[in-house]
Protein chains: 2
Amino acid sequence: MRRARGEQTRQLILETALRLFRERGYAETTMRVIAKEAGVAVGNAYYYFDSKEHLIQGFYDRNQNEHRLATTALLADEKDFAARLRGVMHAGIDVNEPYHSFAATFFKTAAEPSSPLSPFSRESSPARDASIAIFRDVLEGSTAKLDPELRKELPELLWLGWMGVILFWVYDKSPGQRRTRRLIDGAVPLIDRLVSLSRLRVLRPALRQILTLIDSVRRDD
Amino acid sequence: MRRARGEQTRQLILETALRLFRERGYAETTMRVIAKEAGVAVGNAYYYFDSKEHLIQGFYDRNQNEHRLATTALLADEKDFAARLRGVMHAGIDVNEPYHSFAATFFKTAAEPSSPLSPFSRESSPARDASIAIFRDVLEGSTAKLDPELRKELPELLWLGWMGVILFWVYDKSPGQRRTRRLIDGAVPLIDRLVSLSRLRVLRPALRQILTLIDSVRRDD
DNA sequence: CACATCTCTTGAACGCGTTCAACTATGGGC
DNA sequence: GCCCATAGTTGAACGCGTTCAAGAGATGTG
């Protein structure tokens, strides 16, 4: 089997790279060392990964998957919207916590718009969609009552908010990133309240304005 | 005078670099070419600038200043809050527009939390305070009526929102970055409306919740 | 004027990510 | 069993940002 051997080498390189990234940091880990540790030639790594940055995509995918797994139990039992959202966000931070010190470097790389690692890039689209799906589940599996038009947009908005939390977390230098935990604990009830308020008649015009804004901005022409 | 000669070389290197960045892009401009065009040795550029990315700081400072200058006329005349905010944001985009293509790279550098170029870093504090001051002026020089506690926090919140607009702009690949313009045109009236709504009795609890959240997150322990 | 000191300048050299022509191993077709 | 297209692998070589020992030039000191 050709495929099997290729996949094996690919995994070997990826696992070696991620281990070294964790042990010594991203910038300090050279492609030559990754190749040497994996027992292959430098060029071989480039046969499987377009660039050093692309290796990080593997890290993202794995954590993304761990995040999903960490939330399934909660999302199966809990019905309260706020509790679901809070659980999902804390789980997301839990999963990434061991990597906080070098997540900053990853973030720097991912921040470049042309980078394949950017959360908004085409290459990240599957991971992004999977992440948005979690937030759709958070909403749809809950007993929350809200404006039907907002319901359609909310999963993506929650994902955007989640990106904001991640951004905050990356910059968070407080011990154990407590501030991020406080942000989540404070923001979730607030979001819950605002979502409920979406059915209020007085706020109808403001809500429509928000939805119109989302629509006009989304059009990419 | 030594200082004069050094400063002259520094300016020569900076201007040459910015010109080349504009002409051929950031990644395509090598330090060797910058040095050659400026008529100095490569190492000389590193005597004045810590790295290639640090050359961007000069660009950043210059545009920051231009933004401030571009808003003074408007902020002296206009009294309507929405019009003031809209003008300031569009002016900010105007100033940066010619550099959109390599602003991405600048953003990448600024995004690293440990970077002195980060908008949240201590080194950027003066620039950040200056920027927040503009938004304070936007608010205080307007006739807007709003909750007094919100009034204290709003300038910083507007600045944060502005950072979000910049982030959107950096990623905006639509011709002439039209989507960013639409975002501003749509978001400003919305902010205006929400600010007005802050005096509404029904929303009092939600507002207090927002203010409490800001306070708890700001505590850095 | 000589000397010491500090500012400024040089360019070869280093290590990095990345490329690519050349090579080897594999498996299916006849 | 042989052949050949394809998958997989190699490592020297390239151009890049960056460093640094060495020196040149300007200024202060006796």
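Residue numbering restarts at 1 for every chain, and letters A, B, ... go by the order of the sequence lines. These values consider heavy atoms only, across backbone and side chains, with no hydrogens, waters or symmetry-generated copies.
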J.: Using whole Å, report how far CD of A:E7 lies from P of C:dT26.
T.: 18 Å
J.: Are A:R218 and A:E156 close enough for a salt bridge, meaning some N to O gap below 4.0 Å?
T.: yes
J.: Between A:E28 and B:A41, which residue's closest nucleotide on DNA chain C lies nearer the 5′ terminus?
T.: B:A41
J.: Under the ring pair (Phe, Tyr, Trp, His ring centres under 6.0 Å) test, which residues partner B:Y47, sequence neighbours left out?
T.: none
J.: Contact class for B:F49 (heavy atom, under 4.0 Å): base, sugar-phosphate, or nothing?
T.: nothing
J.: Does D:dT9 have its OP1 or OP2 closer than 4.0 Å to a side-chain nitrogen or oxygen of A:T9?
T.: yes
J.: Assign the ring pair B:H67 / B:W162 to parallel, tilted or perpendicular, where the plane angle (0 to 90°) is split at 30° and 60°.
T.: tilted
J.: To the nearest 0.5 Å, how far apart are CZ in B:F168 and CZ in B:R182?
T.: 8.0 Å
J.: Give a yes or no on whether a salt bridge exists between B:E37 and B:R32, defined as a side-chain N under 4.0 angstrom from a carboxylate O.
T.: no
J.: For the side chain of B:Y47, starting at C-beta, report the closest nucleotide among C:dT7, C:dG11, C:dC16.
T.: C:dT7
J.: Atom CD of A:Q8 and atom P of C:dT26: how far apart are they, to the nearest Å?
T.: 12 Å
J.: Just how far, in rounded Å, is C1' of C:dT9 from NZ of B:K36?
T.: 18 Å
J.: Name the atoms and distances for all side-chain donor-acceptor pairs under 3.5 Å in residues 88-98 of chain B, with sequence neighbours left out.
T.:
residue	atom	partner	partner atom	Å
B:H90	ND1	B:R181	NH1	2.9
B:H90	NE2	B:D185	OD1	2.7
B:D94	OD1	B:R181	NH1	3.2
B:D94	OD1	B:R181	NH2	2.7
B:N96	OD1	B:N63	ND2	3.1
B:N96	ND2	B:G92	O	2.8
B:E97	OE1	B:R181	NH2	3.4

J.: Atom CG of B:L55 and atom P of D:dG17: how far apart are they, to the nearest Å?
T.: 11 Å
J.: Expressed in angstrom and rounded to an integer, what is the separation of B:I56 atom CD1 from D:dG17 atom C1'?
T.: 13 Å
J.: Between D:dT9 atom C1' and A:I34 atom CD1, what is the distance in whole Å?
T.: 17 Å
J.: Would you tabulate the pairs of protein nitrogen or oxygen atoms and nucleotide nitrogen or oxygen atoms of nucleotides 18-23 of chain C closer than 3.5 angstrom?
T.:
residue	atom	partner	partner atom	Å
C:dT18	OP2	A:Y46	OH	2.8
C:dT18	OP2	A:K52	N	2.7
C:dT18	O5'	A:Y46	OH	3.4

